[in-house]
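In what follows, residues are counted from 1 in the order of the sequence shown.
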Amino acid sequence: MDLATVVDLVKDRLGIRSNVRDTYITSIANAVVTELDEEKGLAIDLANPYHLMFVVDYATWRYQSRDSDGAMPRHLQYRLHNLMIHVGGVQNDV
C-alpha cells in the first residue's frame with residue numbers, strides 16, 4: 001500500500017468523488033506520515049492495516065479541522081499513544 005491508497009480512503013470517508021482536492025489531501029497525508037516518522041519516531045508501515053487506518057483517520061481529521069483550534073480527538077490520541085507504545089516512539093539519548 002502507498003500514499004495513493006491513503007488518499008483514496010480519506011476521500012471515501014469524506015464522500016469526495018472528484019479529483020479536485022487530491023493535491024491538498026495528498027499533502028495532508030504526506031505531512032501526517034512525515035510527522036509520525038520525524039516527530040514521533042514511528043516507522044509507519046502502510047501495509048499494516050492498523051497503521052493504514054490510523055493515518056487515514058488522522059489525515060481525515062486534519063482535513064476536517066483545518067479551520068478550527070480544537071485539540072486532537074480523544075480516540076486519535078488514544079490510538080497514537082498505543083502506536084507509540086507498540087511501535088516505539090521517539091527515544092532521546094540523554
**Message:** For Ile16 and Ile25: C-alpha separation, side-chain torsions, deciding distance, then whether side chain to side chain contact (heavy atoms under 4.5 Å, CB included) applies.
**Reply:** CA-CA 11 Å; Ile16 298 172; Ile25 295 171; 3.9 Å; yes
List for me each residue that meets side chain to side chain contact (heavy atoms under 4.5 Å, CB included) alongside [X], sequence neighbours excluded, and say none if there are none.
X: Asp8; value: none
X: Val55; value: Val6, Val32, Val33, Leu36, Ile44, Leu46
X: Ser27; value: none

**Request:** Would you mind listing every ring pair (Phe, Tyr, Trp, His ring centres under 6.0 Å) that reaches into residues 30-49, with sequence neighbours excluded?
**Result:**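 Pairs touching residues 30-49 that pass the test: none.
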**Message:** Considering only residues two or more places apart or on different chains, which pairs with a residue in residues 6-39 satisfy ring pair (Phe, Tyr, Trp, His ring centres under 6.0 Å)?
**Reply:**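 Every pair satisfying ring pair (Phe, Tyr, Trp, His ring centres under 6.0 Å) with a residue in residues 6-39: Tyr24-Tyr63.
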**Request:** Locate the shortest heavy-atom distance separating Trp61 from Gly70; write the atom from each residue and the value.
**Result:**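 Residues Trp61 and Gly70, closest heavy atoms: CZ2-O, 4.0 Å.
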**Distance-minimising heavy-atom pair for Ala29 and Ala59** =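 Heavy atoms only, the tightest pair is CA-CB, 4.3 Å.
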**Message:** Could you work out, with side-chain hydrogen bond (donor to acceptor under 3.5 Å, both in side chains) as the rule, every residue matching Glu35, not counting sequence neighbours?
**Reply:**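 Per chain and number, Glu35 pairs via side-chain hydrogen bond (donor to acceptor under 3.5 Å, both in side chains) with Tyr58, Arg62.
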**Item:** Residues which pass side-chain hydrogen bond (donor to acceptor under 3.5 Å, both in side chains) with Thr5, listed by chain and number, not counting sequence neighbours
**Value:**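 For Thr5 the side-chain hydrogen bond (donor to acceptor under 3.5 Å, both in side chains) partners, ignoring immediate neighbours, are Asp2.
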**Request:** Could I get the full list of salt bridge (Lys or Arg N to Asp or Glu O under 4.0 Å) partners for Asp22, not counting sequence neighbours?
**Result:**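 So Asp22 forms a salt bridge (Lys or Arg N to Asp or Glu O under 4.0 Å) with Lys11.
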**Message:** List the residues meeting salt bridge (Lys or Arg N to Asp or Glu O under 4.0 Å) with Asp12, not counting sequence neighbours, and say none if there are none.
**Reply:**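 Checked Asp12 against salt bridge (Lys or Arg N to Asp or Glu O under 4.0 Å); matches are Arg17.
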**Message:** Listing request: all salt bridge (Lys or Arg N to Asp or Glu O under 4.0 Å) pairs with a residue in residues 73-83, at least two apart in sequence or in separate chains.
**Reply:**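 Listed once each, the pairs are Asp57-Arg79.
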**Request:** Is it possible for you to say whether Leu83 and Met72 belong to one hydrophobic cluster, with membership spreading through side-chain heavy-atom contacts below 4.5 Å?
**Result:**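 In one cluster: yes.
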**Message:** If hydrophobic clusters are built by linking Ile, Leu, Val, Met, Phe, Trp and Tyr wherever their side-chain heavy atoms come under 4.5 Å apart, do Val10 and Met53 end up in the same one?
**Reply:**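 Same cluster: Val10 reaches Met53 through Ile, Leu, Val, Met, Phe, Trp or Tyr contacts under 4.5 Å.
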**Message:** Walk me through whether Asn48 and Leu52 qualify under side chain to side chain contact (heavy atoms under 4.5 Å, CB included).
**Reply:** CA-CA 6 Å; Asn48 179 326; Leu52 174 67; over 6 Å; no
**Message:** A side-chain contact here means heavy atoms from C-beta on lying under 4.5 Å apart; do His51 and Leu42 qualify?
**Reply:**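 No. Closest side-chain heavy atoms not under 4.5 Å.
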